[in-house]
Every structure is written in C-alpha cells, then in structure tokens.
Protein chains: 2
Amino acid sequence: MAYRRSPRVQQRLEDNRNRILSAARSLVAQGGFREASIVAVAGAADMSTGAVYRYFPSKSDLFVELLTDAVQRECAILRAIIAKPATAPDRLAAAVESFARRALSGPWLAYAFIIEPVDPEVEAARLVCRREFGSVFKEVVRQGVASGEFPEQSANVSAACIVGAFTEALARPVTPLAGRISKTRLVGEIVDFCCRAVGASPRAKR
Amino acid sequence: MAYRRSPRVQQRLEDNRNRILSAARSLVAQGGFREASIVAVAGAADMSTGAVYRYFPSKSDLFVELLTDAVQRECAILRAIIAKPATAPDRLAAAVESFARRALSGPWLAYAFIIEPVDPEVEAARLVCRREFGSVFKEVVRQGVASGEFPEQSANVSAACIVGAFTEALARPVTPLAGRISKTRLVGEIVDFCCRAVGASPRAKR
DNA sequence: CTAAGAAGTGAATCTTAGTTCACTCTTTCG
DNA sequence: CGAAAGAGTGAACTAAGATTCACTTCTTAG
C-alpha cells in the first residue's frame with residue numbers, strides 16, 4: 001500500500017467541503033436556488049463540477065445539508081432567546097426581531113430556505129425544518145397562553161401565522177416593502193404586528 | 001377562398017381554450033406548477049401538445065393568464081366584501097374568512113399563485129397580482145386606522161403580514177396544519193389571528 | 001524515485017421539459 | 001365533390017442543467 005490520507009489532506013478535504021457549502025450558501029443568498037447551479041457552485045468554490053460530486057452525491061443532497069444546517073443554526077439562536085427569563089411577549093418580540101434582522105441582511109436566503117421550491121427531496125427536508133422552526137414559536141405562544149399573558153388560541157395556527165407573516169414581509173425580494181421604509185422601521189412594524197397578533201397587551205413604543 | 005370560421009367552430013375554439021385553462025388550473029390546484037407540464041395539461045385537456053401551442057404562445061403565457069385571471073377574480077370577491085358597509089374589523093374578518101374558505105378547497109392553488117416561483121415571466125405577473133392582492137387588505141387596514149378602529153401601524157407591512165399569515169397557515173406544502181384540526185376551526189383561528197394582529201378590539205367568540 | 005491509490009478535471013452524456021413542424025384530418029364554400 | 005385554409009397530431013428537435021467517467025495530477029510510503 002502506498003497512500004493513506006494524511007492529516008494535512010484530511011484537512012484540505014474538509015476545507016473543500018466547507019468551501020462548497022459556503023459557495024452554495026452565498027449563491028443562494030444572492031439569487032435563490034435558481035442561481036445555484038452545480039457549475040456555478042463549483043466555479044464559486046474554485047473547483048470542477050466533478051469535484052463537487054466527490055463531496056456530495058447529488059445536488060439535492062448538497063442543498064438538503066445546506067438547508068438543514070442553516071435552519072438548525074437559526075433555530076438554536078431562537079431557542080436561546082426564548083429560553084431567557086422574560087415575559088412571553090418580550091421573548092416573542094425578541095425572537096421575531098432577531099430573525100427579522102438576520103433575514104434582512106441576506107434577502108434571498110430566508111426566501112430560498114423557507115419558500116422557494118426545488119425538488120421533492122429538498123422539499124421534504126424543508127418540511128421538517130419548517131415544522132421545527134414553527135415549533136419554536138409555538139412554544140412561546142403556548143407559554144404565553146398558559147400564563148394568561150396571551151388570550152386563548154391555537155398555538156399551532158398562531159405559530160404558522162407568525163412564521164408566514166414575517167416571512168412574507170421579509171423574505172420577498174418581490175414585495176414592494178423592501179425599499180419603501182427603513183429597515184429598522186420595517187422590523188419594528190413586523191414585531192408589533194406579531195405581538196398584537198398573539199394578543200399581547202400593547203407594548204410601549206420605542 | 002374556401003374556409004371561414006363559422007360560429008360553431010369559433011365556439012369550439014373558445015371551448016378548447018377554456019378547457020386548456022381549466023385543465024391547467026386543476027393540475028396546479030392539485031400539485032402546483034410542478035405537476036402542470038405541457039404534456040400533462042394537454043393530456044388533461046384531451047389534446048396534443050401541439051394544439052396547446054395553437055392557443056398559447058408558450059407555457060409562460062398560459063400560466064400568466066391563469067394567474068392573472070384567478071387573482072383578478074379573487075380580488076374582485078374581496079373588494080366586494082370590503083366595500084360593504086360594516087366596521088373595519090368585521091370587513092377584514094369577512095375577507096380573510098372568505099379567502100381562507102376558498103383556499104382550503106384547493107390547497108395548492110393559493111400556494112402556487114402566491115408563493116411558488118416559476119420562471120421570470122410568471123414571476124413578473126405575480127408581482128403585479130401580489131401587489132393588487134395586498135392592496136385589498138391594505139385598504140381595510142388603512143380605513144380602520146383612519147377611523148381609530150385599529151391602532152397606528154403601517155398598512156403596507158400589516159397587509160403583507162396578513163397575506164403571509166393566512167397563506168402560511170393554509171397553503172399546502174407549507175402547513176402541517178391541514179389535517180390536524182377541523183377546517184372550520186382553522187379558519188376561525190386564522191381570522192382571529194388577523195383581527196388581533198391589526199389591533200382590532202377583541203371580537204365576540206362564535 | 002516510483003508505484004499505488006486518491007483527488008481533481010471538464011468534456012461528453014443523460015435527462016427532462018418546452019417547443020416546433022411536416023403531415024393528416026376537418027371544415028367551408030363554389 | 002374538390003380545393004383552400006385552418007385545426008390537430010405527436011415524434012423529433014432543443015436547451016439547460018445535472019451527472020458521469022476516462023484521464024491527468026497529487027500524495028504517500030517503501
């Protein structure tokens with residue numbers, strides 16, 4: 001035998017893999033999945049299309065991993081916010097605001113991850129992610145209802161509506177909203193909307 | 001010359017055209033644009049692919065017309081509701097409920113029309129539709145704010161959020177909600193959510 | 001240095017639709 | 001009826017993009 005992966009090579013391989021993922025992520029962030037063809041991804045990662053297939057068995061797999069990673073990370077952030085000690089309305093507001101801020105910095109990312117359909121495999125992965133994502137919000141709503149901070153309501157439906165509401169307001173490169181008003185104001189309005197929506201008593205204006 | 005379109009033929013041609021549109025609509029309603037390939041549409045309309053091209057210059061044109069028609073019809077219904085004499089909260093509730101009921105009968109339709117991206121041409125048409133669609137809700141919100149029935153808020157953002165909220169809660173691939181609770185209850189919850197969201201004072205339980 | 005085993009390349013191939021078109025079938029009218 | 005013109009057919013053509021693979025280039029260990 002005359003070849004065994006050395007640590008150095010191992011490292012390079014991992015780097016390559018990450019480079020592919022991050023090239024894909026950045027392409028998606030700029031123009032949605034539409035822009036992220038294998039050729040484009042390979043190009044952005046500075047390798048050949050063939051090489052990409054050495055790291056991912058198919059385009060779908062690549063995107064599924066991308067999606068799962070991103071949502072996982074996002075959920076972790078949101079869960080952390082929600083676990084903090086504070087009133088339910090405050091925590092909800094903080095979570096929405098946090099998500100909104102991040103979404104605005106890469107307008108297509110949220111869109112692509114939450115909405116844009118690709119192929120059935122990715123779609124399946126998204127369904128799981130979406131459910132997990134919604135469950136974070138469901139949690140606060142449920143707590144708020146239990147503690148009497150929010151009126152009686154279906155946490156399931158409200159969570160879905162919340163996700164839908166800010167997604168639509170944020171993740172659409174298409175909405176006329178983007179340029180019209182300042183980002184700060186947009187975020188504020190969305191947060192207010194969501195808080196009112198679950199029935200939190202009106203918050204102080206900032 | 002020896003041939004001129006007779007009324008009978010004229011009629012048949014129109015029927016064919018409609019048959020194509022409705023075949024396409026039903027395919028989209030069942031499985032999104034993904035399921036509505038030209039071959040599938042032609043098959044469902046009982047004609048050859050070539051024939052379809054006699055009526056529509058391209059697939060995009062077909063879908064643009066489909067989308068525009070559907071949204072136009074939908075907007076007309078909603079506008080009528082909103083024009084009725086009633087309080088802003090009541091009108092908003094009625095509009096949301098009306099839309100929700102219809103959306104539930106063809107779970108993919110709302111999704112395909114509001115969300116699912118296809119190609120740039122269709123996307124452009126959707127932008128227009130979406131704007132018009134949102135503007136209906138914007139109108140009630142604006143009126144409600146003006147009359148003091150709703151608190152101060154950006155009608156633009158709220159309208160987008162409302163559209164997003166019920167879309168998310170209703171549209172097919174998106175929601176795990178579909179089977180969980182009764183349709184009536186789902187619609188009720190969504191309506192409540194939207195009403196609270198714009199800050200309408202709590203409505204009586206039904 | 002060299003053979004063995006990987007990793008990397010990118011042009012060629014496969015796939016999946018949308019679109020075309022040479023041809024056939026219908027309809028109309030003299 | 002028969003010629004003219006439109007309507008309808010569906011196999012063949014394209015285009016775009018994913019996937020493959022024969023071949024080249026590295027790496028490692030002896």
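Chain letters run A, B, ... following the sequence lines, proteins first and then strands; every chain starts at 1.
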Query raised in the report: Are OP1 or OP2 of D:dG10 and a side-chain N or O of B:S48 less than 4.0 angstrom apart?
Result: no
Report summary line: Closest to the 5' end of DNA chain C, once B:V9 and B:A36 are matched to their nearest nucleotides, is B:A36
Query raised in the report: Rounded to the nearest Å, what distance is computed from the CD1 atom of residue A:I38 to the P atom of nucleotide C:dG10?
Result: 16 Å
Query raised in the report: Could you give the CD-to-C1' distance, from A:Q11 to D:dT27, as a whole number of Å?
Result: 16 Å
Query - N/O (side chain, B:R5) to phosphate O (OP1/OP2, D:dA5) under 4.0 Å - result: no
Query raised in the report: Looking for any heavy atom pair under 4.0 Å, which part of the strands does A:T49 touch: base, sugar-phosphate only, or nothing?
Result: base
**Report entry** Length of the CZ-P vector between A:F56 and D:dA18, whole Å
**Finding:** 15 Å
Query raised in the report: Hey, do the aromatic rings of A:F99 and A:F133 have their centres closer than 6.0 Å?
Result: yes
Query raised in the report: Taking atom C1' of D:dT27 as reference, at what distance in whole Å does atom CD of A:Q10 sit?
Result: 14 Å
Query raised in the report: Roughly, in whole Å, what's the span from CE in A:M47 to P in D:dC26?
Result: 15 Å
Requested in this report: State, without any angle test, whether A:Q11 and A:D15 hold a side-chain donor-acceptor pair at a distance under 3.5 Å.
Outcome: yes
Requested in this report: Could you tell me the separation between the CD atom of A:E35 and the C1' atom of D:dG17, rounded to a whole number of Å?
Outcome: 13 Å
Query raised in the report: Roughly, in whole Å, what's the span from CZ in B:R54 to P in C:dC21?
Result: 13 Å
Query raised in the report: Does A:F137 have its ring centroid less than 6.0 Å away from the ring centroid of A:F166?
Result: yes
Query - B:E132 and B:R79 ion-paired at < 4.0 Å - result: yes
**Report entry** A:R4 vs C:dA6: side-chain N/O to OP1/OP2 distance below 4.0 Å
**Finding:** no
**Report entry** Distance, rounded to the nearest Å, where B:D61 contributes CG and C:dG18 contributes C1'
**Finding:** 13 Å
Requested in this report: Determine: side-chain N/O of B:S6 to OP1/OP2 of C:dT28, distance under 4.0 Å, yes or no.
Outcome: yes
Requested in this report: Compare side-chain N and O positions of B:Y53 against OP1 and OP2 of C:dT19 and report whether any pair is under 4.0 Å apart.
Outcome: yes
Query raised in the report: Contact class for A:Y55 vs. all strands (heavy atom < 4.0 Å): base, sugar-phosphate, or nothing?
Result: sugar-phosphate
Query - Phosphate-side-chain proximity, A:R12 and C:dG8, N/O vs OP1/OP2 below 4.0 Å - result: yes
Report task. Indicate whether any N or O donor in one side chain lies under 3.5 Å from an N or O acceptor in the other, for B:S154 and A:E189. Result -> no
